[in-house]
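Here the structure is a predicted model, which means the values were calculated and not measured. Quick note: numbers below take in every heavy atom, side chains included, and nothing from hydrogens, waters or symmetry partners.
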Amino acid sequence: CGDRGAIMGNVPVVDTLLRESPQEVERQARTCARQASKGGRYILGADCTSPRDVPPENMAAIFRVAKEFYPSP
């Protein structure tokens, strides 16, 4: 994307966020972050809109991984 755009995603919403354990969500989120965050301009998130029935602990798992890759200053 250079300095003109960013990539967002790509943790699968249905197969992972809705159906998997928080540990699996973290594993897949780390994989996404490792593959796409090199050089910056990457936003870790779901591959689509997160449905209301996603378990809160699975959303928290994505936030934990985001804090690992993008710690607060």
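In terms of modelled atom types and a separation under 3.5 Å, the side chain of Arg41 and the main chain of Gly5 share a donor-acceptor contact. Judged purely by atom type and a 3.5 angstrom limit, Asn10 has no side-chain atom pairing as donor or acceptor with the backbone of Cys32.
Within a 6.0 Å sphere centred on OH of Tyr70, heavy atoms belonging to other residues, nucleotides or ligands number more than 12.
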Report task. In sequence, state the C-alpha distance, the side-chain angles, and the governing distance for Thr16 and Asp47, and then conclude on side chain to side chain contact (heavy atoms under 4.5 Å, CB included). Result -> CA-CA 10 Å; Thr16 301; Asp47 65 357; over 6 Å; no
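Ile7 and Val11 fall within the same hydrophobic cluster, defined by Ile, Leu, Val, Met, Phe, Trp and Tyr side-chain heavy atoms under 4.5 Å apart, directly or through other members. Side-chain heavy atoms closer than 4.5 Å link hydrophobic residues (I, L, V, M, F, W, Y) into clusters, and following such links, possibly through other members, connects Val14 to Ile62. Grouping the Ile, Leu, Val, Met, Phe, Trp and Tyr side chains by contacts below 4.5 angstrom, directly or via other members, places Val25 with Phe69. Both Met59 and Val13 are part of a single hydrophobic cluster, where members link through side-chain heavy atoms under 4.5 Å apart.
Here Glu26 contributes atom CD and Thr31 contributes atom OG1; the two are 11.5 Å apart, rounded to the nearest 0.5 Å. Interatomic distance, CG of Leu44 versus CZ of Arg30, reported as 10.5 Å (0.5 Å rounding).
When every heavy atom of Leu17 is checked against every heavy atom of Ala46, the shortest pair comes out as CD1-CB, 3.7 Å. Across all their heavy atoms, Ala61 and Pro22 have their closest contact at CB-O, 3.6 Å.
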